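What you see below is based on every heavy atom in this structure, not just the backbone, and it leaves out hydrogens, waters and symmetry mates. Atoms within a ligand are numbered from 1 in the order they appear, just like the ligands themselves. Note that the structure is a prediction, hence the values are computed from the model and not measured.
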Amino acid sequence: MLIVGGGVVGLCAALLLQYHGLDSVLVERRSGPSVLPRSRGLHARTSEIFRQLGIEEQVQAASALALKAGEFGGYRMGPTMLTSIAQPIPAKAEHFETPSPSSFCFLPQVELEPLLIDIARQRGADLRFDTELTTLRSHADGIEAVIARAGSGLQRVIGADYVIAADGANSGIRNSLGITGWELPPTHHYINVFFHADLADRVAGRTFSQCQIDNDIVHALMLSKNNTDEWSLHIEYDPNEETLADYPPSRCADLVREAIGAGDIDVEVLVRAVWDTGVHVANTYRHDRVLLAGDAAHRHSPSGGFGANTGIGDVHNLAWKLAAVLTGRAKPALLDTYEPERRPQAVTGARQARLRTDPQTRFQKAGAPGAPAELIDMEAVMTRYRYLSPAGADATSTTGHVAELRGQRGTRVPHLWLTRGEQRISTLDLCGPGFALITDVDHAAWADAARRAESETGCVVAVHGVGHDLVDIDGAWRAITGLHGGGALLVRPDHHVAARSDDDLSPATLASLLTSMLV
Ligand SMILES: Cc1cc2nc3c(=O)[nH]c(=O)nc-3n(C[C@H](O)[C@H](O)[C@H](O)COP(=O)(O)OP(=O)(O)OC[C@H]3O[C@@H](n4cnc5c(N)ncnc54)[C@H](O)[C@@H]3O)c2cc1C
């Protein structure tokens, strides 16, 4: 496996492939992690993926240190940061409505990426920074990639079975393959100014996550990185009139002071970059042996925090499929399920992010008076989506989503705390790296069926018995899933329900269902 791009998505791909027993080489043209703060929030669904990788605690520990002021804060609006007023956030509670063993986690990308690099290296990943992919050639039996060491002119050719193109929004791989996309033009253009300014005393008692600032000189969104001395100011600009070159550090520092509302502050501009709210979702996620993931596959406005989180979901979906194909347990056609499962989710995220570019809509609760009818809540976008049959999907199809996770086919398995001996475990902990069969009494019949399915398919099918080896303290499993005694759920390595016993799953059909799933 070759991974091109060592951003958050490429790094997660390396960890996930490793989890599934695959070696990979990751090439990244930068010399280290990104220094540009972009993503700050990890949705609970992403934390669940980190939990499966066994890195959730490390990420949460880093998160606890990231916010020096101790709290994430809310949303404020005003002519300056200092005169801004806290706004109510009606949608806030919705973030935590879907039961999960994990939670939303604040960890800026600039701190997450170095952590992922460390963990991946400790686990033996081959991460090559200062290394650029220059050419990709596809053959019938593999990929030939030319990689170059930055600044040395030295080139090497390496072979790979498949390539994950996690090479970002301007993906050279996507462009070289001529893959076009569904696009929406930008509504806003911004200069992202990451700066250092000690504002600890000035924000004490009124920390914030986002502060919308509008005065005669600057229209901007100020985002906190640690709510004390590192911040980003996203300054609106008109690309028909100006470029990044018109915003040298000295001008940016002046605009930062205007936005804060204090001319006496020491401001050190650390990095500047441009971005816009335009949407691009690739029309094709798979081209032969190349699979697009992350921003290479979908790019949209950050409002809602769906971008990196969706990218991590992409590689979670992909890694077990690649492992099944590369170990001969599945046919390459299994990889064709990647696009119909993940692309609608990206379109949903893009549409929902677009709605949230409007500050009035950003924090509204879906269905509340005055909220746009199309607005769906964040957890529906990030956790309660449903992989549907590809039949009938077109370029702008969005995901289906469910009101509650009840073990519906195609949804993330519902979370329930169970006990095994002294241990408290989530139903999500039962999943991966193989398939999980969560049964409810009649355990022996299912266990026999699982052994037969394993020998026919080569896939691991771990059987977990609620009421057998697992205690469901509150007796909730049947109520949540609607399954009766003797029922079972077959769950994929990526936590998604593949089959239910009140549909076509039975001890007699398990092996054939699994075989048909692996195409
Ligand atoms: C202002 C802002 C705020 C955001 N906030 C959030 C948020 O809160 N939550 C969220 O989920 N998302 C957020 N996003 C989006 C998020 O930052 C992106 O979705 C995420 O960074 C995409 O990660 P990636 O790994 O796909 O791409 P990137 O981070 O762009 O990484 C791609 C990497 O590929 C490398 N590369 C490219 N070509 C080659 C090559 N030929 N050879 C070797 N290396 C190559 C690049 O150097 C780069 O490091 C935000 C974005 C912006 C602009």
*Asks:* Do the side-chain N and O atoms of R384 and T98 include a donor-acceptor pair separated by under 3.5 angstrom?
*Replies:*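 Short answer, yes.
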*Asks:* Kindly confirm or rule out an N or O of E113 lying under 3.5 angstrom from an N or O of ligand 1.
*Replies:*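 No - when backbone and side-chain N and O of E113 are compared with those of ligand 1, no distance drops under 3.5 Å.
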*Asks:* Show which atoms of ligand 1 fall inside a sub-4.0 Å distance from at least one heavy-atom site of G294.
*Replies:*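 So the answer, numbered in order with elements, is 26 (O).
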*Asks:* Hey, does I173 sit under 4.0 Å from ligand 1 if you only count heavy atoms?
*Replies:*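 Under 4.0 Å: no for I173.
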*Asks:* Using a strict cut-off of 4.0 Å, indicate which atoms of ligand 1 neighbour a heavy atom of G5.
*Replies:*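 Taking each heavy atom of G5 in turn, ligand 1 has 33 (C), 34 (O), 35 (C) under 4.0 Å.
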*Asks:* Does the ring center of H188 lie less than 6.0 Å from the ring center of H234?
*Replies:*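 They do not qualify: ring centres at least 6.0 Å apart.
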*Asks:* Identify, by atom number and element, the atoms of ligand 1 in contact range of R30, meaning under 4.0 Å from any of its heavy atoms.
*Replies:*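 What qualifies from ligand 1 is 47 (O), 48 (C), 49 (O).
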*Asks:* Which option, I3, D295, V4, owns the non-hydrogen atom nearest atom 19 (O) of ligand 1?
*Replies:*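 Residue with the shortest heavy-atom distance to the ligand atom: D295.
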*Asks:* One residue to check: L11. Relative to ligand 1, which of side chain, backbone, both or neither has a non-hydrogen atom less than 4.0 Å away?
*Replies:*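 For L11, there is no contact with ligand 1 at all, from either part.
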*Asks:* If only side-chain N and O atoms count, and only distance matters, is there a donor-acceptor pair under 3.5 Å linking S232 with K225?
*Replies:*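 No.
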*Asks:* Do N192 and R38 pair up side chain to side chain, a donor and an acceptor below 3.5 Å, judged on atom types alone?
*Replies:*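 N192 vs R38: no donor-acceptor pair found between side chains.
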*Asks:* Consider only side-chain N and O atoms of S24 and Q18, and report whether a donor and an acceptor are under 3.5 Å apart.
*Replies:*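 No pair is found: no donor N or O on one side chain lies under 3.5 Å from an acceptor on the other.
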*Asks:* Assess the side chains of H280 and D295: does a donor N or O sit below 3.5 Å from an acceptor N or O?
*Replies:*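 Note: H280 and D295 side chains miss the donor-acceptor criterion.
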*Asks:* Looking at every non-hydrogen atom in both residues, tell me the closest pair between R156 and I158 and how far apart they are.
*Replies:*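 Nearest heavy atoms, R156 then I158: NH2-CG2, 3.9 Å.
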*Asks:* Considering only non-hydrogen protein atoms, determine which one is nearest to atom 43 (C) of ligand 1 and report residue, atom name and distance to 0.1 Å.
*Replies:*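 For atom 43 (C) of ligand 1, the nearest protein heavy atom is R29 N, 3.3 Å.
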*Asks:* G10 and L26: which non-hydrogen atoms are nearest, and at how many Å?
*Replies:*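 G10 and L26 have their closest heavy atoms at O-CD1, 3.4 Å.
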*Asks:* Below 4.0 Å from any atom of ligand 1, is there a heavy atom belonging to A166?
*Replies:*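 A166 counts as a contact of ligand 1 under the 4.0 Å cut-off.
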*Asks:* With a heavy-atom distance limit of 4.0 Å, tell me whether R299 approaches ligand 1 through its side chain, its backbone, both, or neither.
*Replies:*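 Neither; no heavy atom under 4.0 Å.
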*Asks:* Do S303 and R356 have side-chain atoms, one donor and one acceptor, less than 3.5 Å apart?
*Replies:*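 Their side chains do not contain a donor-acceptor pair, so the 3.5 Å distance test is not met.
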*Asks:* Within ligand 1, which atoms have a heavy atom of Q109 less than 4.0 Å away?
*Replies:*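 Under 4.0 Å from Q109, ligand 1 has these atoms: 16 (C), 17 (O), 20 (C), 21 (O), 29 (O).
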*Asks:* Honestly, is R342 close enough over Y385, meaning NZ or CZ under 6.0 Å from the six-membered ring centre and within 45° of the axis?
*Replies:*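 Because its charged atom sits under 6.0 Å from the ring centre and within 45° of the axis, R342 does stack over Y385.
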*Asks:* Considering heavy atoms of the protein only, find what lies nearest to atom 12 (N) of ligand 1 and give residue, atom and distance to 0.1 Å.
*Replies:*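 So the nearest neighbour among protein heavy atoms is A308 N, 3.0 Å.
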*Asks:* Counting each atom of ligand 1 from 1 as listed, which ones have a heavy atom of V9 under 4.0 Å away?
*Replies:*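 Per the distance check, 23 (O), 24 (P), 25 (O), 26 (O).
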*Asks:* Only heavy atoms count here, so choose which of S232, A13, S39, A165 is nearest to atom 14 (N) of ligand 1.
*Replies:*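 Considering heavy atoms of S232, A13, S39, A165, the nearest to atom 14 (N) of ligand 1 sits in S39.
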*Asks:* I need the atoms of ligand 1 closer than 4.0 Å to a non-hydrogen atom of V27, numbered in the order shown.
*Replies:*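 Counting atoms of ligand 1 from 1, those under 4.0 Å from V27 are 43 (C), 44 (N).
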*Asks:* For ligand 1, is any non-hydrogen atom under 4.0 Å from Y190's backbone (N, CA, C, O), its side chain (CB onward), both, or neither?
*Replies:*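 Looking at Y190 and ligand 1, no heavy atom falls under 4.0 Å.
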*Asks:* Between G305 and ligand 1, is there a nitrogen or oxygen pair with a distance under 3.5 Å?
*Replies:*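 G305 vs ligand 1: N/O contact under 3.5 Å present.
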*Asks:* Is it the case that more than 12 heavy atoms not belonging to D238 sit under 6.0 Å from its CG atom?
*Replies:*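 For D238, atom CG is crowded (more than 12 foreign heavy atoms under 6.0 Å).
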*Asks:* Taking the minimum heavy-atom distance to atom 52 (C) of ligand 1, which of M382, R38, H298 ranks first?
*Replies:*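 Considering heavy atoms of M382, R38, H298, the nearest to atom 52 (C) of ligand 1 sits in R38.
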*Asks:* Which residue owns the protein heavy atom closest to atom 8 (O) of ligand 1, what's the atom, and how far is it?
*Replies:*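 Closest protein heavy atom to atom 8 (O) of ligand 1: R40 N, 3.3 Å.
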*Asks:* Would you mind listing which atoms of ligand 1 come within a distance below 4.0 Å of any non-hydrogen atom of G307?
*Replies:*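 Selected atoms, number and element: 10 (C), 11 (O), 12 (N), 19 (O).
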*Asks:* Side chain, backbone, both or neither: which applies to E132 and ligand 1 if a contact is any heavy-atom pair less than 4.0 Å apart?
*Replies:*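 Both backbone and side chain of E132 come within 4.0 Å of ligand 1.
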*Asks:* Which heavy atom of N226 sits nearest a heavy atom of A66, and at what distance?
*Replies:*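 Closest heavy-atom pair between N226 and A66: CB-O, 3.1 Å.
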*Asks:* Can you confirm whether the side chains of D494 and W320 place a donor and an acceptor under 3.5 Å from each other?
*Replies:*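 The criterion, which ignores hydrogens and geometry beyond distance, is satisfied for W320 and D494.
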*Asks:* Any N or O on A296 sitting closer than 3.5 Å to an N or O of ligand 1?
*Replies:*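 Checking ligand 1 against A296, no N or O pair falls under 3.5 Å apart.
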*Asks:* For atom 1 (C) of ligand 1, find the nearest protein heavy atom and state the residue, atom name and distance (0.1 Å precision).
*Replies:*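 For atom 1 (C) of ligand 1, the nearest protein heavy atom comes out as H234 CE1, 3.3 Å.
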*Asks:* Examine the side chains of S301 and T357 and answer whether a donor and an acceptor come within less than 3.5 Å of each other.
*Replies:*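 The criterion, which ignores hydrogens and geometry beyond distance, is not satisfied for T357 and S301.
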*Asks:* What are the atoms of ligand 1, with element, lying closer than 4.0 Å to any heavy atom of V8?
*Replies:*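 Checking each atom against V8, I get 23 (O), 25 (O).
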*Asks:* Distance check, rounded to the nearest 0.5 Å: E28 atom CD versus S34 atom OG?
*Replies:*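 So the CD of E28 and the OG of S34 are separated by 9.0 Å.
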*Asks:* Taking the six-membered ring for Trp, are H196 and W231 closer than 6.0 Å centroid to centroid?
*Replies:*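 Here the rings of W231 and H196 have centres that are no less than 6.0 Å from each other.
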*Asks:* Indicate the atoms forming the closest heavy-atom contact of L326 with M1, along with that distance.
*Replies:*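 Distance-wise, the nearest heavy atoms are CD1-SD, 3.7 Å.
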*Asks:* Is there a polar contact between ligand 1 and N309, counting only N or O atoms under 3.5 Å apart?
*Replies:*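 Yes: some nitrogen or oxygen of N309 is under 3.5 Å from one in ligand 1.
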*Asks:* Evaluating non-hydrogen atoms only, which member of V315, L133, T134 is closest to atom 41 (N) of ligand 1?
*Replies:*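 Nearest option to atom 41 (N) of ligand 1, by heavy atoms: L133.
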*Asks:* For atom 50 (C) of ligand 1, what's the nearest protein heavy-atom neighbour? Residue, atom name and distance, please.
*Replies:*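 Residue, atom and distance for the closest contact: P302 CB, 3.6 Å.
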*Asks:* Say whether H43 and ligand 1 are in contact under the criterion: heavy-atom distance to a ligand atom below 4.0 Å.
*Replies:*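 Judged by the 4.0 Å heavy-atom criterion, H43 does not count as contacting ligand 1.
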*Asks:* Considering G168, G7, A293 one by one, which has a heavy atom nearer to atom 27 (O) of ligand 1 than any of the others?
*Replies:*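 Residue with the shortest heavy-atom distance to the ligand atom: G168.
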*Asks:* Can you check whether N192 has an N/O within less than 3.5 Å of an N/O in ligand 1?
*Replies:*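 Min N/O separation from ligand 1 is not below 3.5 Å for N192.
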*Asks:* Classify the side-chain pair H415/S100 by whether it contains a donor and acceptor separated by less than 3.5 Å.
*Replies:*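 No.
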*Asks:* Students should be able to answer this: which protein heavy-atom is nearest to atom 48 (C) of ligand 1, and at what distance?
*Replies:*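 Going atom by atom, the protein heavy atom closest to atom 48 (C) of ligand 1 ends up being E28 OE1, 3.4 Å.
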